[in-house]
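When reading the values below, keep in mind they use all heavy atoms of this one structure, side chains included, and skip hydrogens, waters and symmetry mates. Sequential numbering from 1 along the given sequence is applied to the chain's residues. Quick caveat: nothing in here was measured; it's all calculated off a predicted structure.
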Amino acid sequence: MIGDRVEVVVDTGAGTQTYEIEASKAGRRVEVNSARGGVVEVAEVTRTGKPVRVGRFMASRVVALVEHPAADSEDEDNGSGGRRRRRIKPAGEQGNLL
């Protein structure tokens, strides 16, 4: 979802360095995977799952991994599964159709 963002703070030996991977277009999302061999992979993927940008970090050097989900709109918080609800006016408020 556009606006998804992950920050990875890595120990460089002389301090820390922060990397950001963000979903840059609509329909893309950011996924985080821990693979065998001590590798943390952060990837921006399309709707079909094809990776667009990938960052791989040694797990032993990762200090923090902070996920920032995209801000939800008010319509998605109403429990309707992300669909918008239309307000239907009572019959007295509809006005003349002539």
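Listed by first then second residue, pairs satisfying salt bridge (Lys or Arg N to Asp or Glu O under 4.0 Å) with a partner in residues 6-17 read Arg5-Glu7, Asp11-Arg61, not counting sequence neighbours.
Glu22 meets the side-chain hydrogen bond (donor to acceptor under 3.5 Å, both in side chains) test with no other residue; sequence neighbours excluded. In terms of the side-chain contact (heavy atoms from CB on, under 4.5 Å) criterion, residue partners of Val62 (sequence neighbours excluded) are, by chain and number, Val8, Val40, Phe57. Remark: Ser60 engages Met58 in a side-chain contact (heavy atoms from CB on, under 4.5 Å) (not counting sequence neighbours). Under the side-chain hydrogen bond (donor to acceptor under 3.5 Å, both in side chains) criterion, Ser24 pairs with Glu44, sequence neighbours left out.
Here the shortest heavy-atom pairing between Ala43 and Val54 reads CB-CG2, 3.9 Å.
The 12-atom threshold is not exceeded at CZ of Arg56, counting heavy atoms of other residues, nucleotides or ligands nearer than 6.0 Å.
By the rule that hydrophobic residues join a cluster once side-chain heavy atoms approach within less than 4.5 Å of another member, Tyr19 and Leu65 end up as members of one cluster. Under the 4.5 Å side-chain heavy-atom criterion for Ile, Leu, Val, Met, Phe, Trp and Tyr, Val39 and Val10 are members of distinct hydrophobic clusters.
Atom CG of Asp4 sits about 9.0 Å away from atom CD of Glu67, to the nearest 0.5 Å.
Here Val63 is tied into one hydrophobic group with Val9, each link being a pair of ILVMFWY side chains closer than 4.5 Å.
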